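See below for the structure under consideration.
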Amino acid sequence: MMRNFLCWDPGAVRQVINPFAEHMSDSLFRAVHSDWDLKVSPQVGKSFQEIGQASWAEMTPPAFLADFLREDRPHSLAAILGETGSGKSHLVHWMRLNIKPSRERVVLVVPKSGTSLRNIVKMIITELPAEQQASFLETLQSAGDGTQSRADQKQQLLNDLAQAIREEVLPTNADEIEEGLASSLPDLFQDPHMRKAHFLGDNTVIAEIVDHIFAPSNAKDRPDQRRVFVEGDLPLGGMDFAQASRLAKDAIDLIEVDPAIHLPLAIRIINRNLDRAVARTLSFSGDRVEELMTRLRTYLKSQGQELVLLVEEFARLQGIDRALLQAITSQGDERQCKMRTAIAVTTGFFQSVAETAYMRTTHIVDMDRSAGRAEGRSVTKASLSQFTARYLNAVRLGRDGITQWNDVAAPGESPRSKCNECIHQSECHAIFGEVDGYGLYPFTPQALWIAASRVDASMPERLNPRVLQNDLLVEVLDNFGPEIATGTFPPFKLLEKLGGITMLPAVAQAELRNHNPQNYQRWAAFLELYDGTGAIANLDERLRAAFDVPEIPGADQAKPGSTIADAPAPEAPQRNATSKEDQFIEEWIRGQGLDQSVANNLRLL
């Protein structure tokens with residue numbers, strides 16, 4: 001009989017499931033990838049906000065890719081939208097694996113980590129023939145990454161930001177206050193005290209932007225949002241005011257006349273000049289970016305090639321992103337090659353792009369409404385199980401097993417199921433369920449649904465893959481995997497990490513305590529995570545035996561659970577309405593006196 005069986009190495013889980021890894025290998029990507037229908041819309045009207053519900057169509061990833069590469073398209077620009085962790089970069093990675101460079105096609109990939117803005121520009125330059133690279137490299141090398149220290153680079157960025165604000169041509173509707181702020185803010189950035197006390201620190205927005213320009217990014221500093229100033233980044237009042245120069249004090253005074261209005265205005269002035277400041281510090285202006293792209297496309301046209309640009313995170317290009325967007329939306333002609341571009345970008349930034357860029361977009365993909373959904377509607381037990389099963393199988397195979405499979409696998413071939421080698425396969429799949437031969441152990445479809453709903457508030461409307469991986473799969477398989485082998489799974493500590501008791505009413509909790517105080521927490525965790533009805537019942541004997549969960553004396557047997565067939569999924573667990581009796585018991589648990597009538601009822605349990 002299957003009991004306390006651990007079929008993976010908890011210590012190696014993060015080698016497979018690590019949403020914050022520097023880079024996911026192609027072999028691991030293939031092992032966990034699932035094709036889900038994508039929600040895709042063409043450009044509608046003059047802005048993203050004009051896209052109506054009827055404009056979204058469902059496309060399989062292969063169908064989307066075929067349309068993106070369609071020969072009769074003069075150009076392609078796919079904007080892949082979604083919140084953090086929704087799978088934007090995952091789709092771009094999949095596109096990279098399925099768009100091969102050839103004699104007719106050059107493929108450039110901007111990864112979301114492991115590079116810097118400067119290196120990205122250099123990568124583009126090196127696609128030119130050697131004789132055409134010189135002037136661009138000379139421009140780029142004038143940036144001070146090789147000769148300046150990080151402190152000097154931060155000083156340079158502050159100088160460039162101050163100068164960019166000074167040179168800005170203000171909007172025609174700018175009032176006297178905006179004119180005054182635009183005139184005085186540069187003095188705030190150039191004030192010696194303010195620089196030393198605030199702007200030049202290691203954990204400031206200036207430091208983040210300098211690292212974005214010059215330092216290869218890592219897993220912890222690859223935001224999918226643009227780095228911008230917020231109100232807390234401007235020092236105002238107190239000792240800062242006392243030690244500031246007269247000109248810096250003028251800027252602070254102007255802001256503090258009406259901080260509710262003037263401070264947000266100051267932040268808008270700074271942020272609208274930030275891109276030009278970054279380009280200055282990089283020593284590669286927007287005009288130079290457009291010139292570089294024009295030169296590259298002209299060269300590739302002469303070679304009979306088209307250009308495919310895949311950007312795993314558009315925020316990696318902050319400082320040149322708008323100029324690059326302008327360049328890539330220029331349609332090829334007899335002088336420039338055809339260009340196809342896919343960018344993973346936040347919805348907020350895409351909503352702000354210029355009308356001309358939006359009008360040139362050919363595909364808009366909404367990843368928030370794609371990953372893990374059943375036929376594009378909502379997440380269901382079956383679709384969630386299908387999405388998760390490949391990750392569970394990958395953990396069982398381990399990194400070495402995945403590499404070995406990938407080395408001999410044919411294109412499109414699914415990884416072998418590690419379950420096929422297990423002596424418990426038949427029993428395990430009967431108890432816990434499986435999808436395409438990949439077992440769901442240590443979850444059941446119900447347990448997976450309950451736990452996923454606890455960690456991801458957007459369920460069942462949508463699924464955030466990164467939340468599922470980091471907050472559930474890694475938590476259970478790594479941090480609590482050893483408890484399976486010791487016969488203490490699921491522990492109450494896991495339930496607490498997943499939101500605590502939400503379904504068992506207080507009277508049921510008291511009944512479990514009364515049966516056996518030592519087993520109370522184990523029963524509570526088991527019932528909450530594997531049943532979720534709020535009732536006391538003995539779940540399937542085989543399921544209890546697999547985890548060594550003791551029987552609850554006198555409890556009825558739970559009704560047989562539904563299969564993995566795609567029944568309508570229940571809503572995320574919510575706490576049951578609390579009765580007056582439950583309230584008395586909860587007060588008793590917190591150390592208050594127990595109502596006598598309730599005490600009499602409990603004695604009968």
Side-chain angles (χ1 to χ4, degrees), residues 22-24 26 29 64-65 68-70 73-80 88-130 132-133 135-137 139-140 212-213 216-217 222 224 279 282 284 286 288-332 335-345 357 360-363 365:
E22 288 296 310
H23 175 68
M24 177 182 283
D26 291 348
F29 183 93
F64 160 70
L65 186 63
F68 177 80
L69 295 174
R70 213 174 66 202
R73 282 193 179 280
H75 84 289
S76 296
L77 174 57
I80 302 169
K88 304 185 299 294
S89 300
H90 184 97
L91 179 58
V92 176
H93 191 153
W94 177 86
M95 294 177 72
R96 174 178 69 78
L97 291 180
N98 288 275
I99 303 177
K100 301 298 183 183
S102 66
R103 287 185 299 178
E104 295 79 30
R105 176 178 294 153
V106 171
V107 180
L108 290 182
V109 180
V110 177
K112 61 183 177 182
S113 64
T115 189
S116 66
L117 183 61
R118 184 180 185 279
N119 285 338
I120 292 169
V121 174
K122 189 173 183 179
M123 175 191 70
I124 298 173
I125 293 173
T126 55
E127 290 296 324
L128 286 169
Q132 295 189 38
Q133 295 179 20
S135 64
F136 293 107
L137 288 175
T139 300
L140 186 64
H212 161 74
I213 298 171
S217 63
R222 59 178 195 206
D224 61 1
L282 177 66
F284 216 85
R288 200 71 166 131
V289 170
E290 292 189 45
E291 182 185 354
L292 170 61
M293 293 304 298
T294 299
R295 189 81 62 86
L296 176 59
R297 293 178 66 182
T298 300
Y299 168 70
L300 294 179
K301 178 76 172 183
S302 71
Q303 303 300 303
Q305 294 177 303
E306 68 175 21
L307 176 61
V308 175
L309 177 64
L310 304 176
V311 183
E312 290 188 356
E313 184 45 70
F314 204 52
R316 289 295 309 123
L317 296 168
Q318 180 181 351
I320 64 168
D321 47 4
R322 295 182 189 276
L324 184 63
L325 195 58
Q326 179 65 32
I328 63 183
T329 53
S330 172
Q331 186 169 321
R335 295 168 299 166
Q336 296 185 41
C337 73
K338 183 183 295 187
M339 186 165 184
R340 306 180 194 273
T341 308
I343 57 174
V345 61
R360 300 282 295 157
T361 305
T362 57
H363 303 79
V365 184

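As a basis for the values below, the full set of heavy atoms in this structure was taken, side chains included, without hydrogen atoms, waters or symmetry mates. Values in this document were obtained by computation on a predicted structure and should not be read as measured data.
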Margin query: Please evaluate residues Lys338 and Arg297 with respect to the criterion side-chain contact (heavy atoms from CB on, under 4.5 Å), reporting the C-alpha separation (whole Å), side-chain torsions for both, the decisive distance (0.1 Å), and the verdict.
Written below: CA-CA 8 Å; Lys338 183 183 295 187; Arg297 293 178 66 182; 6.0 Å; no
Under the rule for salt bridge (Lys or Arg N to Asp or Glu O under 4.0 Å), what residues qualify as partners of [X], not counting sequence neighbours?
X: Glu290; value: none
X: Glu127; value: none
X: Arg70; value: Asp67, Asp72

Within the structure provided, determine whether [X] and [Y] are in side-chain contact (heavy-atom separation under 4.5 Å).
X: Lys301; Y: Arg335; result: no
X: Leu65; Y: Trp94; result: yes
X: Leu325; Y: Ile343; result: yes
X: Leu128; Y: Leu292; result: yes
X: Val308; Y: Glu306; result: yes
X: Leu324; Y: Met293; result: yes
X: Lys112; Y: Val311; result: no

List in chain and number order the residues that pass side-chain contact (heavy atoms from CB on, under 4.5 Å) with [X], two or more places apart in sequence or in another chain; answer none if no residue qualifies.
X: Thr298; answer: Thr294, Gln336
X: Ala279; answer: none
X: Thr115; answer: Pro111, Asn119, Ile120, Arg316
X: Gln305; answer: Val106, Leu300, Gln303

Margin query: Using the ring pair (Phe, Tyr, Trp, His ring centres under 6.0 Å) criterion, which residues pair with His90? Sequence neighbours excluded.
Written below: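 Ring pair (Phe, Tyr, Trp, His ring centres under 6.0 Å) list for His90, sorted by chain: Phe29, His33.
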Check: How would you list, by chain and number, every residue that makes a ring pair (Phe, Tyr, Trp, His ring centres under 6.0 Å) with Phe314, sequence neighbours excluded?
Finding: Phe349
Item checked: Test side chain to side chain contact (heavy atoms under 4.5 Å, CB included) applied to Phe284 and Leu117, Leu140, Ile213, the passing residue -> Leu140
Restricting to non-hydrogen atoms, name the atom on [X] and the atom on [Y] that form the minimum distance, rounded to 0.1 Å.
X: Thr362; Y: Ala78; answer: OG1-N, 4.4 Å
X: Ala79; Y: Val345; answer: CB-CG1, 4.4 Å
X: Ser89; Y: Ala344; answer: N-CB, 4.2 Å
X: Arg96; Y: Asp26; answer: NH2-OD1, 2.6 Å

Give, for atom [atom1] of [X] and atom [atom2] of [Y], the distance between the pair rounded to the nearest 0.5 Å.
X: Arg360; Y: Ile328; atom1: CZ; atom2: CD1; value: 10.5 Å
X: Arg105; Y: Lys100; atom1: CZ; atom2: NZ; value: 12.0 Å
X: Leu108; Y: Leu296; atom1: CG; atom2: CG; value: 6.5 Å
X: Leu77; Y: Arg340; atom1: CG; atom2: CZ; value: 12.0 Å
X: Ser135; Y: Gln133; atom1: OG; atom2: CD; value: 10.0 Å
X: His93; Y: Glu312; atom1: NE2; atom2: CD; value: 6.5 Å

Check: Taking only residues two or more places apart in sequence, or in another chain, which ones meet Glu291 in a side chain to side chain donor-acceptor pair (under 3.5 Å)?
Finding: Arg288, Arg295
Note to self: Quick one, His75 with Thr341, criterion side-chain contact (heavy atoms from CB on, under 4.5 Å). Give me CA distance, side-chain angles, the key distance, then yes/no.
What the structure shows: CA-CA 8 Å; His75 84 289; Thr341 308; over 6 Å; no
Notebook entry, point to check: Under 3.5 Å, is there a donor-acceptor pair between the side chain of Ser76 and the main chain of Phe68?
Noted result: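 Yes, because the side chain of Ser76 sits within donor-acceptor range (under 3.5 Å) of the backbone of Phe68.
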Next item on the list: Please answer whether the main-chain N or O of His363 pairs with a side-chain N or O of Thr361 as donor and acceptor at a distance below 3.5 Å.
Entry: no
Checklist line | Test side-chain contact (heavy atoms from CB on, under 4.5 Å) applied to Lys122 and Leu137, step by step | finding: CA-CA 7 Å; Lys122 189 173 183 179; Leu137 288 175; 4.2 Å; yes
